[in-house]
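Both backbone and side-chain heavy atoms feed into the values below; hydrogens, waters and symmetry mates do not. Chain A is the first sequence line, chain B the second, and so forth, proteins listed ahead of strands; every chain is numbered from 1.
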2 protein chains.
Amino acid sequence: MSKLTMKEIAKLANVSQATVSRVINGNKSVNEEAAKRVLKVIEEVGFIPNNAAQTLKRSHSNIIGVCVTETFNPYFVELIDTLELEARKRGYNILLHNSKHNPITEWESIQNFIARQVDGIILVPNGEYNIQRLNKLAIPTVIITKNRESLDSIGLDHMQAGKIAGENFIYAGHKKFGYIGTVPDEKYLGYKSVLYENGFELNSLINVKQTSTNNFLIQQDIEAYFNQADRLDFTCVFAANDIMALEFLKAAQKRGIRIPEDISLIGFDDTYLAKIMGISSIHQPIEEMVKTTIEILLNRIENEVSSEKINIQLAPTLIERKSSNFKR
Amino acid sequence: MSKLTMKEIAKLANVSQATVSRVINGNKSVNEEAAKRVLKVIEEVGFIPNNAAQTLKRSHSNIIGVCVTETFNPYFVELIDTLELEARKRGYNILLHNSKHNPITEWESIQNFIARQVDGIILVPNGEYNIQRLNKLAIPTVIITKNRESLDSIGLDHMQAGKIAGENFIYAGHKKFGYIGTVPDEKYLGYKSVLYENGFELNSLINVKQTSTNNFLIQQDIEAYFNQADRLDFTCVFAANDIMALEFLKAAQKRGIRIPEDISLIGFDDTYLAKIMGISSIHQPIEEMVKTTIEILLNRIENEVSSEKINIQLAPTLIERKSSNFKR
DNA sequence: CTGTTAGCGCTTTCAA
DNA sequence: TTGAAAGCGCTAACAG
């Protein structure tokens, strides 16, 4: 079945191979009778053109390489899903890789993309490691969820997100502040800066290791914090993502700490985890981000426009749920 | 960068293109000096062989097509992740598709796999729609998570899973039983059969529409049930997956129904959702399933062994957590 | 409107 | 150990 070629189809339909190619590619200038015959044969034998040959010949593949840093976080799953959908609408498939926060794996993925002749790359980057190399490759690329000057990019303003969380807490009357996440990080910086500006400081940092990439490991980090702290010196806490927020919530509940009465909590990503648990969270507009990403990328691929880099920063918004909706 | 070919490498290294191919493919019979020269050039210019050409020539791609029914359920995310890892260990990439429970999309994915010259297919099927067609295609395929006689398959014994849930409830002293899910389904059948065998019956079915493929839609279905029922006529309930279990839990809590004191709850898949929420759940051994799947598939691809179909049914185990650990 | 033909970049005989 | 050359299946320019 899968060993059929246009040659056989041509023979069966009594036309040349070129004509078969024409009807498959919707070329108008084919006799209607002949076209019908070809289509019938294709249908009957279930012929599907060999994409490797097409790619080789056309020197493009209609594939977009997507590399994310993790799939454990449901935020990325939703991102991937949306990316796939929007790409498909435009006639492209996604080749998905997961760098698992490892720059070496990320680079291998990029090489694999090149080998597979992808027409463009969408990357959730791990730091700066491969940005310059990627730039030299001169393949259409857009960085998503974060901003990088040297390439096209679209991301949320993380600094601003940190500020919004901080402002919200300050406005609600908090005086003592906590942060959960891996530092340094722009959210962390933004959060801290707004605290300082208002005469406060960050009282506690619950450090999540960079290598803690699943619920269980994050839970361990948070438990470790709770176990070494005699009492909590903050009344509100901002978590770098919803998984961390959720694990904090669980650890707190386990110890009889009430959310939000004792401690207000804000997460990040606004995934369904936050929705399920009623955790306030900073929303990332996935659909807008993805649509714009595809737009920019296909423009680069298909129109080869200006070399001016595009860098878009989306504004974060806080979705308030019960975990922080409590004035002191 | 990406327009380099072996020809240029050959010229730069002062050898023939064939020799370049030889060193890339680790062919022994190449002069050591020459090989070193070639490697150096490749390194310098960052050459990566064109995979489309390789695939065309070799008539295999080292790609496995994987098509799942959804990615919303974290169970499938974990499945995909493990699949990717195990495949990569064996030198294969994954081409991932999501049929979103649509047999037409599923068939399109399969056709895309053929077009892309995948060496094999791993499928989480939607019913029976494409099983026969797939069989005719004569491409190595293994069905995962479910069993299909006409193809290689590995899955949990869903019937048995339903029985285990039912038995657990009966053993704990329950007399009135509920089920949440889309019916008919093997888990449902197994559950019901064990109830009948013990002189009980299914008192309530909370029907989740087949089209309810995310939290929100499932929530609506469950809310709809609660809203039309004056009182619950069961004291225990088995949910077809953890998402449903979770949404039931939320809907119950909202109404002051205590889990497990008023109603015992068992979910299915044993995802982190169940772990997070302390929901008892029937465990699916992902890693074992995936390893066996890859084993069977690569055996078919690389060794073209017997045409005897392999059908493996794994035994389900119940992981008891607080949602059902309560004797009446 | 249609067939012939020349490659796309690679692997792999075959001879040397 | 090596190079020349054929050809994987397809597209597209060209000639008719």
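The backbone N or O of A/Thr71 lies less than 3.5 Å from no partner atom in the side chain of B/Asp81, so there is not a single donor-acceptor pair. A/Asn130 places no side-chain N or O within 3.5 Å of a backbone atom of A/Arg133 that could act as its donor or acceptor partner.
Distances shorter than 4.0 Å separate none of the side-chain N or O atoms of A/Ser29 from OP1 or OP2 on C/dC1. For A/Thr19, a side-chain nitrogen or oxygen approaches OP1 or OP2 of C/dG3 to under 4.0 Å.
Protein atom CG of A/Leu56 is 9 Å distant from nucleotide atom C1' of D/dC8, rounded to whole Å. Between the CZ atom of A/Arg116 and the P atom of C/dC8 there is a distance of 22 Å, given to the nearest Å. Separating the CG atom of B/Asn62 from the P atom of C/dT11 is a distance of 12 Å, rounded to the nearest angstrom. Nucleotide D/dG3 holds its C1' atom 14 Å from the CG atom of B/Asn31, rounded to whole Å. Rounded to an integer number of Å, the gap from CD of B/Gln117 to P of C/dC10 is 18 Å.
For A/Glu287, the CD atom counts as loosely surrounded, since its 6.0 Å shell holds 12 or fewer non-hydrogen atoms of other residues, nucleotides or ligands. Counting non-hydrogen atoms of neighbouring residues, nucleotides and ligands closer than 6.0 angstrom, the NZ atom of A/Lys7 reaches no more than 12 such neighbours. Heavy-atom neighbours of A/Lys309 NZ from other residues, nucleotides or ligands within 6.0 Å: above the threshold of 12.
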For each nucleotide in nucleotides 10-15 of chain D, reading 5' to 3', give B when a protein heavy atom comes within less than 4.0 Å of its base, S when such contact involves only the sugar-phosphate, and - otherwise.
BBBB--
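Contact between A/Asn311 and A/Glu149 at its shortest, heavy atoms only, is ND2-O, 3.6 Å.
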